[in-house]
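Structure record follows, encoded as structure tokens.
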Number of protein chains: 2
Amino acid sequence: MSRSDTPLVLVVDDEPAQRALLSYNLEAAGFRVATASDGEEALLVVSEEAPDVILLDWMLPRVSGIEVCRQLKAQRGGADAAIIMVSARSDESDRVRGLETGADDYITKPYSVNELLARVRANLRRVRPARAGQVLDVGDLTLDPEAHRVHRSGAELHLGPTEFRLLSALMEKPGRVWTREALLDRVWGRDIYVDTRTVDVHIGRLRKALMAQGGDDPIRTVRGAGYSLD
Amino acid sequence: MSRSDTPLVLVVDDEPAQRALLSYNLEAAGFRVATASDGEEALLVVSEEAPDVILLDWMLPRVSGIEVCRQLKAQRGGADAAIIMVSARSDESDRVRGLETGADDYITKPYSVNELLARVRANLRRVRPARAGQVLDVGDLTLDPEAHRVHRSGAELHLGPTEFRLLSALMEKPGRVWTREALLDRVWGRDIYVDTRTVDVHIGRLRKALMAQGGDDPIRTVRGAGYSLD
DNA sequence: GCATTCTGTGACGGTTCGGTGACAGAGGTC
DNA sequence: GACCTCTGTCACCGAACCGTCACAGAATGC
């Protein structure tokens, strides 16, 4: 099955030891993990990989966590993710400020691993409600993962396995622009190496299939960035 | 004994001891049992194995049973199962909340094994009347589990035992795509090891039998995924 | 305008996947 | 024992699918 079923958690912390610890625990719990050591990197990862949950350290070098949080929320794609602020201070005012800035949740050190995982799962549920098995609906497109069927305005379309997974990924966050790398990761799996141009070809094939029975091209090419479904 | 005729009960409880106890009692009563220790796992099992009854502990770690229940009901496949909430509290408000969330029944600890089994059977009858000897009907196909007979457009077909079980499994959720692994699990049993290609061969034999007296092939092959009955 | 970069797409070789006939073994029946 | 049915595995073939490339055309920058 495709990787895209496993939720992605982004850990933003400047301490390598903290990142390693969090990654370890999260991966042990079955999540995919991406890391970033500062706000800039975090923004990059968010635009590339569209994480589902972001664990954001309050005390970051150069740019404060709050600022990063604000930017993440402002950035397209970041708005889809749940942001959990991690802070050493249990100060109430910090908490309020964090949540005001757009954080979805707030957790103070020291915390237990279970507590952390609980927060991540809880936010994940909110952000990505029970995706498995749910019928996806975007515009005149309908994708039923369980029956493995795709319809456009009622008419059934025939897609190959890769096109099917590609369309699932695109339909999960309509409007979002996916880089080729992100799509490779989600549709092909992160350990497989294939050329990024392969994505182009499959997007082409997907377009052909989607327009086989008429209708506009629902896939938008963003030059220099990637593709999105509208 | 035909595997797919045996109802599947999913036990969701975070306590290993509870799971073991319930499994033991349910299996002794002739049910097949699957277990899950949290909501996430439960959702997975539901989408993979399509249980008939779900015994859901109210007090789950991290995610409350209510939340899990809501998600199960929302998920395709979960809606077909009866959900019985198991709670330590006999509180009336809890009961109401549970039922409001979509639970089909409610049982409070302490309960006797007989009481538990009675509830499971009662809900099973409601949810899967086929158990009571009711025939399965899909398109022009009719399968009578009790009489062990299959008809297509009135004409009786001859199926071997494995083909019969295979068809029962497929007919239980028409349209749903079953992976070879899921079918092996359901038709052959989870402890038996046979090659997944064996499924192909039996699908072939089943098709042959189904089309012996004319008619289209009712089984759809989904490349890279599995089979489904339409 | 021109040069450059990026994208769409047809073609192609190679691979994987699924259908099927053949076969040997297990188990049951007479 | 002699049949018969059913089962799981294998080998083979054809079809579907995949990844890459080359080239043309579009978009962008200067």
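Bear in mind the structure is a predicted one, so any value in this text is a computation, not a measurement. Lettering of chains follows the sequences in order, A, B, ..., and the numbering in each one begins at 1.
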Exercise. Taking atom CD of B/Glu181 as the centre, does the number of heavy atoms from other residues, nucleotides or ligands within less than 6.0 Å exceed 12?
Worked result: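 Yes - once you tally the heavy atoms of other residues, nucleotides and ligands closer than 6.0 Å, there are more than 12.
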
For this session: State whether the number of non-hydrogen atoms from other residues, nucleotides or ligands found under 6.0 Å of B/Arg149 atom CZ is greater than 12.
Result: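 Result for CZ/B/Arg149: open.
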
Problem set entry | Lys NZ or Arg CZ of A/Arg186 over A/Trp188 ring: under 6.0 Å, within 45° |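 So A/Arg186 doesn't make the cation-pi contact.
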
Exercise. Can A/Arg176 be said to sit on top of A/Trp178's aromatic six-ring, NZ or CZ under 6.0 Å from centre and within 45° of the ring axis?
Worked result: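 Yes, A/Arg176 lies over the aromatic ring of A/Trp178.
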
For this session: Report yes if the side chains of A/Leu55 and A/Leu10 come closer than 4.5 Å at any heavy-atom pair, otherwise no.
Result: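 A/Leu55 vs A/Leu10: side chains apart.
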
Exercise. Within the structure shown, what part of the strands sits under 4.0 Å from A/Tyr227 by heavy-atom distance: base, sugar-phosphate, or nothing?
Worked result: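 Sugar-phosphate contact only - A/Tyr227 comes under 4.0 Å of backbone atoms but never of a base.
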
For this session: Kindly state each residue pair satisfying ring pair (Phe, Tyr, Trp, His ring centres under 6.0 Å) with at least one member in residues 204-230 of chain A, sequence neighbours excluded.
Result: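 Of all non-adjacent pairs touching residues 204-230 of chain A, none passes ring pair (Phe, Tyr, Trp, His ring centres under 6.0 Å).
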
What is the separation between atom [atom1] on [X] and atom [atom2] on [N], rounded to the nearest whole Å?
X        : N      : atom1 : atom2 : answer
B/Arg165 : D/dT7  : CZ    : P     : 7 Å
B/Arg223 : D/dA16 : CZ    : C1'   : 4 Å
B/Asp200 : D/dC13 : CG    : C1'   : 15 Å
A/Arg220 : D/dA27 : CZ    : P     : 15 Å
A/Leu206 : D/dC17 : CG    : C1'   : 15 Å

Exercise. Do you know which two heavy atoms are closest between B/Arg223 and A/Pro161, and how far apart they sit?
Worked result: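 Closest heavy-atom pair between B/Arg223 and A/Pro161: O-CG, 3.5 Å.
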
Exercise. What is the 5' to 3' range of DNA chain C, first to last nucleotide, that sits under 4.0 Å from any heavy atom of chain A?
Worked result: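 Terminal contacting nucleotides, 5' to 3': C/dT5 to C/dA11.
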
Problem set entry | Reported CG-to-CG distance for the pair A/Leu141 and A/Leu229, which is rounded to 0.5 angstrom |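 These two atoms lie 6.5 Å from each other.
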
Write out a two-atom table: protein N or O, nucleotide N or O from nucleotides 19-22 of chain D, distance below 3.5 Å.
from	atom 1	to	atom 2	distance (Å)
D/dG19	OP1	A/Trp188	NE1	2.9
D/dG19	OP2	A/Trp188	NE1	3.3
D/dG19	OP2	A/His202	NE2	2.8
D/dG19	O6	A/Arg205	NH2	2.7
D/dT20	OP2	A/Asp195	N	2.8
D/dT20	OP2	A/Thr198	OG1	2.7

For this session: Take A/Val222 and A/Lys208, find for each the nucleotide of DNA chain C with the closest heavy atom, and name the residue whose nucleotide sits nearer the 5' end.
Result: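 Result: A/Val222.
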
